[in-house]
Amino acid sequence: MSVVVKIGGARAVDPEGALADVASLVQAGEDVVVVHGGSTKVDETLERMGIEPTYVETPAGVTGRFTDAETMAVFTMAMSSINTDLVAGLRKQGVDALGLSGVDGGLLTGKRKSAVRVVEDGKKKIKRGEHSGRIDAVNTDLLETLLSSGHTPVTGPPMLGDDGTPVNTDADRAAAAVAGALDATLVLLTDVEGVYADPEDPSTLISRVETGDDWADLEAAAEGFMTKKVMAAKEALDGGSPAVVVANANADDPVSSAVGGGGTHIQRSAVQEVAEQ
């Protein structure tokens, strides 16, 4: 079994349990790739450096940080720091972890989006100077070479834009691209138990998503940051993953628990049924 584990960057997420669990899986002979985010670390670093981030609203109503050249430099620095810490944590657990960004070896590549459509003062505008992109390809050969030689890859944004520039990309969707390319189960670890039918009520956890109707209910339930995770789940399943699990990073043995049935399990059959409708 191959597993791609996405470790979130929220303040409430403690990666120690996940790293120990990844170590157990690797020592049991499983192939594991760790993908990380780091938006919280980026925000903290910008604040420490006295840089005021610029937030923009898209015409679709989604608010996000605008990644100009200065922010991109901070982003790259913060992501490198997170990557090093995760690699060190895994190596402390006896795992032969190897850190690389999406730029290294052309691991994650795609088209750079240098301008974005935004809404300012109620008017739609084009804002230029953006450093972001969407992943079109994953260097699967590189990952498989590392895994076959006994390494556990630890990776995340930035990705390499088609103009040769390192650019920001969403970490959940990066994990989805990697999982799809490897036909691996994707475990998205976050700071809640999974996707709730009522976002304010943990007792409404959606545990299984197997049909088209289940998928419709999942999409309707997803709000805020969970919207991106559901979007990433679909991309992973469309790409080749057999299943995606959204689960709690702070649970006991969070990866094993997720694969074993915890959290929200989304099966490929759900998106296949939607595609056939």
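Start at 1 with the first residue, then count along the sequence.
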When clusters are formed by joining ILVMFWY residues with side-chain heavy atoms under 4.5 Å apart, either directly or through shared neighbours, do [X] and [Y] land in the same one?
X: M231; Y: L218; answer: no
X: L146; Y: V95; answer: no
X: L142; Y: M159; answer: yes
X: L188; Y: V209; answer: yes
X: V192; Y: L189; answer: no

Heavy-atom pair with the smallest gap, counting every atom of [X] and [Y]:
X: L98; Y: H151; value: CD1-CD2, 3.9 Å
X: V138; Y: A181; value: CB-CB, 3.9 Å
X: I126; Y: A115; value: CG2-CB, 3.9 Å
X: V35; Y: G156; value: CG1-CA, 4.3 Å
X: A258; Y: V187; value: CB-CG1, 3.8 Å
X: T169; Y: P157; value: O-CG, 3.3 Å

Short side-chain to backbone donor-acceptor contact, [X] and [Y], under 3.5 Å:
X: T67; Y: M72; value: no
X: D214; Y: T211; value: yes
X: T84; Y: S80; value: yes
X: S241; Y: T185; value: no
X: D170; Y: K228; value: no

Would you sort out whether I135 and R173 count as a side chain to side chain contact (heavy atoms under 4.5 Å, CB included), showing the intermediate values?
-> CA-CA 8 Å; I135 298 163; R173 297 174 81 173; 5.8 Å; no
How long is the gap from [atom1] on [X] to [atom2] on [Y], to the nearest 0.5 Å?
X: L86; Y: L19; atom1: CG; atom2: CG; value: 5.5 Å
X: L182; Y: E144; atom1: CG; atom2: CD; value: 6.0 Å
X: E57; Y: E120; atom1: CD; atom2: CD; value: 10.5 Å
X: I206; Y: E193; atom1: CD1; atom2: CD; value: 14.0 Å
X: D68; Y: E130; atom1: CG; atom2: CD; value: 8.5 Å
X: D14; Y: I7; atom1: CG; atom2: CD1; value: 10.0 Å

If a pair satisfies side chain to side chain donor-acceptor pair (under 3.5 Å) and one of its residues is in residues 216-227, list it, with sequence neighbours excluded.
-> W215-E219
Residue pairs fulfilling side chain to side chain donor-acceptor pair (under 3.5 Å) with at least one residue in residues 152-164, sequence neighbours excluded | R112-D163, D163-T165
What residues, two or more places apart in sequence or in another chain, satisfy side-chain contact (heavy atoms from CB on, under 4.5 Å) together with [X]?
X: T58; answer: A60, V62
X: P202; answer: Y196
X: P53; answer: L46, Y55, R65
X: D201; answer: D198, S203, T204

Could you tell me whether K125 atom NZ has more than 12 heavy atoms of other residues or ligands within 6.0 Å of it?
-> yes
No-hydrogen, no-angle side-chain donor-acceptor test under 3.5 Å, T40 and D43 = no
Which pairs, with at least one residue in residues 89-104 and sequence neighbours excluded, count as a salt bridge (charged side-chain N to carboxylate O under 4.0 Å, His left out)?
->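 Salt bridge (charged side-chain N to carboxylate O under 4.0 Å, His left out) check on residues 89-104 returns R91-D96.
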Please list, one pair per line, the donor and acceptor atoms closer than 3.5 Å that link side chains of residues 21-33 to other protein atoms, with sequence neighbours excluded.
unit_1, atom_1, unit_2, atom_2, d
D21, OD1, S256, OG, 2.8
D21, OD2, V255, N, 2.7
D21, OD2, S256, N, 2.6
D21, OD2, S256, OG, 3.3
S24, OG, A20, O, 3.2
Q27, NE2, Q93, O, 3.1
E30, OE1, M1, N, 3.4

Can you list the steps and then say if V259 with V245 is a side chain to side chain contact (heavy atoms under 4.5 Å, CB included)?
-> CA-CA 7 Å; V259 173; V245 190; 5.7 Å; no
Take Q267 and R208 through the side chain to side chain contact (heavy atoms under 4.5 Å, CB included) test and state the conclusion after the steps.
-> CA-CA 8 Å; Q267 301 298 316; R208 305 287 296 183; 3.6 Å; yes
Evaluate the side-chain proximity of [Y] to [X]: yes if any heavy-atom separation is below 4.5 Å, no if none is.
X: F66; Y: V116; value: yes
X: L107; Y: L143; value: yes
X: E273; Y: E210; value: no
X: M79; Y: S101; value: no
X: E235; Y: R134; value: yes
X: M49; Y: M77; value: yes

Which residues share a salt bridge (Lys or Arg N to Asp or Glu O under 4.0 Å) with R268, sequence neighbours left out | none
Any residue meeting salt bridge (Lys or Arg N to Asp or Glu O under 4.0 Å) with K113, in chain and number order, not counting sequence neighbours | none
Mind checking what makes side chain to side chain donor-acceptor pair (under 3.5 Å) contact with D136, not counting sequence neighbours?
-> none
Residues in side chain to side chain donor-acceptor pair (under 3.5 Å) with S148, at least two apart?
->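 For S148 there are no side chain to side chain donor-acceptor pair (under 3.5 Å) partners, ignoring immediate neighbours.
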Verdict with reasoning, L108 to V178, per side chain to side chain contact (heavy atoms under 4.5 Å, CB included) = CA-CA 8 Å; L108 305 174; V178 171; 4.0 Å; yes
